[in-house]
Amino acid sequence: MPIKVHDQMLRSTVVLETRDPGRIAMYVCGPTVYNLIHIGNARTFLWFDFIRRYFLYRGWQVTYVMNYTDVDDRIIERAGVEGVPADAVTSKYSKAFEDDMAALGVNPADIICRATDHVEDMVEAIDGLVERGSAYESDGDVFFSIESFDAYGKLSGRTLEDMRAGERIEPQAGKRHPLDFALWKSAKEGEPSWPSPWGPGRPGWHIECSVMSTKYLGMGFDIHGGASDLTFPHHENEIAQAEALAGAGPFVRFWMHAGLVQMESQKMSKSLGNVVLVRDVVARYPGEVARYWALAGSYRTQLTFSDGVLDDSAQAYDRWSTFLAAARHALGGDMPATPAATRPADAEPPEGPGGEYVQRFTDTLDDDFNSSGAFAVVHDLVREANRCVEGAQRGPGEDRNLLIAFTETFLELTSVMGFRFDAATGSDELTARLIDYLLELREGARRNKEFAAADGIRDRLESFGVSIEDTPVGPRWRLGTPPAAA
RNA sequence: GGCGGCGUGGCCGAGUGGUUCAGGCAGGGGCCUGCAAAGCCCCGCACAGCGGUUCGAUUCCGCUCGCCGCCUCCA
């Protein structure tokens with residue numbers, strides 16, 4: 001079954017036919033590195049990280065490019081506020097972005113490109129646009145003439161008249177059409193600047209993505225992603241620039257946009273100030289919980305963030321980590337490792353007890369990444385696997401074989417979704433030995449029916465965040481969040 | 001004003017023209033347990049409202065109401 005994606009340009013879900021068979025070239029608009037990112041931003045990056053993982057799982061070769069916007073009015077503003085040079089701001093927040101992404105288990109793009117490393121390319125592109133009559137200079141600024149590009153508005157589905165009707169700001173002086181946008185901005189005193197045929201200045205925001213995406217992926221690359229608030233004007237402008245310069249389209253084959261995160265019926269945004277930082281979330285929950293929250297619903301719809309939603313996700317995720325701890329306890333040395341499986345569409349159908357789940361998993365995700373369905377598959381798998389735990393812990397037999405197979409499938413599917421359990425269970429060696437020793441003492445007490453003492457040990461360990469579960473073959477424990485930690 | 005999206009059981013959140021069913025969280029009952037915990041089993045006659053198409057609509061069409069996004073920097 002082929003993979004289908006919802007293409008914003010067509011406004012429908014269509015079979016993903018790539019420029020080169022078996023290869024996917026994707027570009028996602030990255031952060032403007034002028035402050036800390038919030039979970040609304042993170043949702044987008046978590047999603048494209050997952051999409052890339054899924055493509056790889058399905059046997060595609062993926063080239064994933066992401067930009068960092070490191071020249072921008074807000075960066076200049078921020079540098080003024082912090083009293084440091086602009087590049088100090090951008091290096092600080094680039095690093096912060098990477099740290100936050102790592103905390104969420106988001107892998108870096110294959111190619112990360114910075115606007116400031118590509119100014120010459122942009123100047124060349126702008127020059128080309130001026131030459132072709134798509135752009136014009138005005139007092140040191142260069143603007144793109146939207147009237148010169150017939151298809152302007154095709155992505156966002158609006159006409160020039162529509163857009164004029166909703167004008168809310170005074171047209172900037174020097175523009176021929178109010179919606180013409182800046183390709184090059186002349187520098188004021190003290191601002192970062194680069195030389196150009198129109199004098200010292202800096203590139204406008206939109207041009208970097210057109211130039212860098214086509215530089216690394218070529219015209220007509222497969223997927224361009226970003227959040228839905230970039231549809232207009234940013235992506236519309238990217239199309240205009242790239243296709244005007246190339247003299248032909250398409251710039252991009254498929255446009256994918258992630259829905260925005262809402263805060264109490266209003267979108268979360270830096271300019272509104274109603275943000276929840278990734279940093280604050282990962283201080284309170286494992287990164288996997290945020291990943292679960294972001295990925296459990298469709299990427300296209302709005303997602304509301306409120307107090308409590310992460311608690312729900314934490315409970316749901318806990319079901320998985322609890323299962324895995326139980327499997328590890330029951331299987332001991334037979335515990336499977338995470339398989340590095342790929343499941344190309346043309347491969348043999350998956351076999352074994354977990355095969356049915358693998359099939360359901362790919363079936364649902366092939367349909368525009370229906371992750372909710374994929375989560376349901378994993379939950380169903382966990383339920384069936386849990387039924388085998390009790391039998392498996394008694395020793396070899398049917399239940400044990402099934403549990404091994406189901407656990408392996410579980411690790412396969414959850415790793416495609418970007419969850420890592422191996423590291424998350426961690427406690428250091430000494431802690432583990434101390435806990436084991438305390439449990440030995442407790443077992444002795446239990447054997448002597450000294451339940452008050454046994455329960456005392458359990459209660460104390462619980463208060464440290466160590467949860468104890470007794471099983472017919474001895475207690476198992478795992479580290480969690482201490483109750484009422486905050 | 002223009003363009004677009006959404007409204008599913010206490011909450012989150014998929015999906016479909018027709019009595020097998022999403023899934024999770026929360027809640028109730030049971031099994032297991034020394035007690036727990038975890039797990040397993042069972043339990044909710046949900047699809048904003050009003051019309052229409054149809055043998056049959058939560059699913060298609062229209063209207064109404066409500067919510068949200070974009071049109072300005074924004075993931």
Side-chain angles (χ1 to χ4, degrees), chain A residues 8 11 28-32 34 37-48 69 72-74 77 153 156-159 161-170 179 205 225-234 236 257-262 265-272 275 292-293 296-298 300-304 306 308-309 311-320 322-323 325-326 329 360 364 367 370-380 382-390 446-447 449-452 454-455 458-459 462 467-472 475-478:
Chain A
Q8 178 78 20
R11 287 158 212 284
V28 172
C29 287
T32 300
Y34 74 108
I37 65 157
H38 56 72
I39 56 165
N41 303 318
R43 182 203 191 190
T44 300
F45 300 127
L46 239 4
W47 253 102
F48 284 104
T69 300
D72 177 87
D73 293 348
R74 289 161 297 162
E77 207 174 288
S156 51
R158 56 192 86 197
T159 64
E161 296 73 54
D162 292 342
M163 292 184 270
R164 291 300 296 265
E167 268 172 41
R168 285 193 254 154
I169 53 169
E170 285 293 303
L179 288 160
W205 174 38
S228 63
D229 57 349
L230 297 182
T231 307
F232 189 91
H234 188 235
E236 196 73 69
H257 288 111
L260 300 180
V261 171
Q262 304 280 307
S265 331
Q266 200 180 207
K267 84 165 173 174
M268 180 179 295
S269 104
K270 290 174 183 175
S271 47
L272 293 171
V275 300
Y292 190 106
W293 166 77
S298 157
R300 288 201 281 136
T301 58
Q302 294 171 169
L303 228 197
T304 301
S306 62
V309 293
D311 290 329
D312 280 5
S313 298
Q315 286 303 117
Y317 176 72
D318 203 44
R319 189 172 147 73
W320 292 358
T322 300
F323 156 69
H329 182 256
R360 284 175 57 200
T364 186
D367 185 11
N370 184 339
S371 58
S372 300
F375 276 67
V377 170
V378 174
H379 278 290
D380 287 345
V382 166
R383 182 177 310 106
E384 188 168 4
N386 269 325
R387 289 193 202 115
C388 305
V389 167
E390 199 177 320
R446 291 182 70 209
R447 271 195 299 276
K449 307 259 191 258
E450 293 162 5
F451 294 121
D455 292 351
R458 182 173 64 199
D459 292 347
E462 295 279 357
S467 57
I468 308 301
E469 291 156 18
D470 293 321
T471 78
R476 65 174 178 243
W477 61 270
R478 62 200 181 88

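As a basis for the values below, the full set of heavy atoms in this structure was taken, side chains included, without hydrogen atoms, waters or symmetry mates. Chain naming here is simple, since letters A, B, ... match the order of the sequence lines and numbering starts at 1 in each.
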Query raised in the report: What one-letter contact string describes nucleotides 21-28 of chain B from 5' to 3', where B marks a base within less than 4.0 Å of any protein heavy atom, S marks contact via sugar-phosphate atoms alone, and - marks no contact?
Result: -BSBSS--
Query raised in the report: Taking OP1 and OP2 of B/rC3, is either one under 4.0 Å from a side-chain nitrogen or oxygen of A/Arg11?
Result: no
Requested in this report: Could you tell me whether the side chain of A/Gln262 and the main chain of A/Leu303 form a donor-acceptor pair under 3.5 Å?
Outcome: no
Query raised in the report: Counting side-chain heavy atoms from C-beta on, which of B/rG69, B/rA75, B/rG15 comes nearest to A/Gln262?
Result: B/rG69
Query raised in the report: Honestly, is A/Arg446 close enough over A/Phe451, meaning NZ or CZ under 6.0 Å from the six-membered ring centre and within 45° of the axis?
Result: no
Query raised in the report: What distance, rounded to whole Å, do you find between the two C1' atoms, one in B/rA22 and one in B/rC3?
Result: 33 Å
Query raised in the report: With sugar-phosphate meaning primed atoms plus P, OP1 and OP2, does A/His257 contact a base, only sugar-phosphate, or nothing at under 4.0 Å between heavy atoms?
Result: nothing
Query raised in the report: When all nucleic acid strands are considered with a 4.0 Å heavy-atom cut-off, which category describes A/Thr301: base, sugar-phosphate, or nothing?
Result: sugar-phosphate
Query raised in the report: Should A/Asp380 and A/Arg360 be marked as a side chain to side chain contact (heavy atoms under 4.5 Å, CB included) after you check the CA-CA gap, both sets of side-chain angles, and the distance that decides it?
Result: CA-CA 11 Å; A/Asp380 287 345; A/Arg360 284 175 57 200; 2.8 Å; yes
Query raised in the report: Looking only at side-chain N and O atoms, does A/Asn386 come under 4.0 Å of OP1 or OP2 in B/rC40?
Result: yes
Report summary line: Taken to the nearest whole Å, CG/A/Asp229 to P/B/rC68 is 17 Å
Query - Test salt bridge (charged side-chain N to carboxylate O under 4.0 Å, His left out) applied to A/Asp470 and A/Arg476, step by step - result: CA-CA 6 Å; A/Asp470 293 321; A/Arg476 65 174 178 243; over 6 Å; no
Query raised in the report: Are A/Trp320 and A/His379 near enough that their ring centres are under 6.0 Å apart?
Result: yes
Query - Sequence-distant partners of A/Trp293, ring pair (Phe, Tyr, Trp, His ring centres under 6.0 Å), two or more places apart - result: A/Phe305
Query raised in the report: If we take the C1' atom in both B/rC21 and B/rC31, what is their distance in whole Å?
Result: 23 Å
Query - Distance between C1' atoms of B/rG17 and B/rG10 (Å, rounded) - result: 29 Å
Requested in this report: Name the nucleic acid region contacted by A/Asp73, choosing base, sugar-phosphate or nothing; use a 4.0 angstrom heavy-atom cut-off, strictly under.
Outcome: nothing
Requested in this report: May I ask you to say what A/Ser371 touches in the nucleic acid, namely base, sugar-phosphate or nothing, with a heavy-atom cut-off under 4.0 Å?
Outcome: nothing
Query raised in the report: Using the P atom in both, what is the distance from B/rA26 to B/rC35, to the nearest Å?
Result: 23 Å
Query - Qualifying residues under side chain to side chain donor-acceptor pair (under 3.5 Å), relative to A/Arg478, sequence neighbours excluded - result: A/Asp318, A/Thr322
Report summary line: A/Trp320 CH2 to B/rG39 P, in whole Å, measures 14 Å
Report task. Mind checking A/Leu46 for me? I need base, sugar-phosphate or nothing, with any heavy atom below 4.0 Å counting as a touch. Result -> nothing
Query raised in the report: Is the phosphate of B/rC73, meaning OP1 or OP2, less than 4.0 Å from a side-chain N or O of A/Thr69?
Result: no
Query raised in the report: Separation of A/Glu77 atom CD from B/rC73 atom P, in whole Å?
Result: 14 Å
Query - Nearest-Å distance once atom P is located in both B/rU54 and B/rC43 - result: 37 Å
Query raised in the report: For A/Leu230, which contact category applies under a 4.0 Å heavy-atom criterion: base, sugar-phosphate, or nothing?
Result: sugar-phosphate
Query raised in the report: Rounded to the Å, how far apart are A/Gln8 CD and B/rG4 P?
Result: 11 Å
Query raised in the report: Between atom CH2 in A/Trp293 and atom C1' in B/rC11, what is the gap in whole Å?
Result: 16 Å
Query - Set of ring pair (Phe, Tyr, Trp, His ring centres under 6.0 Å) partners for A/Phe45, sequence neighbours left out - result: A/Phe97
Requested in this report: Please state how far atom CD in A/Gln302 lies from atom P in B/rC12, giving the value in whole angstrom units.
Outcome: 14 Å
Query - RNA chain B: 5'-proximal contact among A/Thr471 and A/Arg387 (nearest heavy atom) - result: A/Thr471
Query raised in the report: Would you say A/Met268 and A/His38 make side-chain contact, with heavy atoms under 4.5 Å?
Result: yes
Query raised in the report: Using the C1' atom in both, what is the distance from B/rA48 to B/rG9, to the nearest Å?
Result: 14 Å
Query raised in the report: Between B/rU8 and B/rG13, how far is it from one P atom to the other, in whole Å?
Result: 9 Å
Query raised in the report: Taking all non-hydrogen atoms of both residues, which atom of A/His329 and which atom of A/Pro475 are closest, and how far apart?
Result: NE2-O, 3.2 Å
Query raised in the report: For A/Val261, which contact category applies under a 4.0 Å heavy-atom criterion: base, sugar-phosphate, or nothing?
Result: base
Query - Contact check, side chains of A/Cys388 and A/Asn386, non-hydrogen atoms, under 4.5 Å - result: no
Query raised in the report: For RNA chain B, what string of dots and brackets results from 5' to 3' when Watson-Crick and G-U pairs need both distances under 3.5 Å, crossing pairs get [ ], and pairs with another strand get |?
Result: (((((((..(((.....[....))).(((((.......)))))....(((((..]....))))))))))))....
Query raised in the report: What does A/Thr322 touch in the nucleic acid at a heavy-atom separation under 4.0 angstrom: a base, only the sugar-phosphate, or nothing?
Result: sugar-phosphate
Query raised in the report: Has the side chain of A/Arg458 got a donor or acceptor atom that lies under 3.5 Å from a matching backbone atom of A/Glu469?
Result: no
Query raised in the report: Between B/rC47 and B/rU19, how far is it from one P atom to the other, in whole Å?
Result: 15 Å
Query raised in the report: Hey, does A/Gly40 reach any base, or is it just sugar-phosphate, or nothing, if we go heavy atoms under 4.0 Å?
Result: base
Between the protein and nucleotides 31-34 of chain B, list every N/O to N/O distance that falls short of 3.5 Å.
| residue | atom | partner | partner atom | Å |
| --- | --- | --- | --- | --- |
| B/rG34 | N7 | A/Arg446 | NH2 | 3.3 |
| B/rG34 | O6 | A/Arg446 | NE | 3.1 |
| B/rG34 | N1 | A/Asp455 | OD1 | 3.0 |
| B/rG34 | N2 | A/Asp455 | OD2 | 2.7 |

Query raised in the report: Can you check the A/Phe232 CZ to B/rG2 P distance for me, whole Å?
Result: 17 Å
**Report entry** Nearest heavy-atom neighbours spanning A/Ala296 and A/Ser371
**Finding:** C-OG, 4.1 Å
Query raised in the report: Is the closest side-chain heavy-atom distance between A/Asp229 and A/Leu260 below 4.5 Å?
Result: yes
Query raised in the report: Can you tell me how far C1' of B/rG69 sits from CZ of A/Arg300, to the nearest Å?
Result: 15 Å
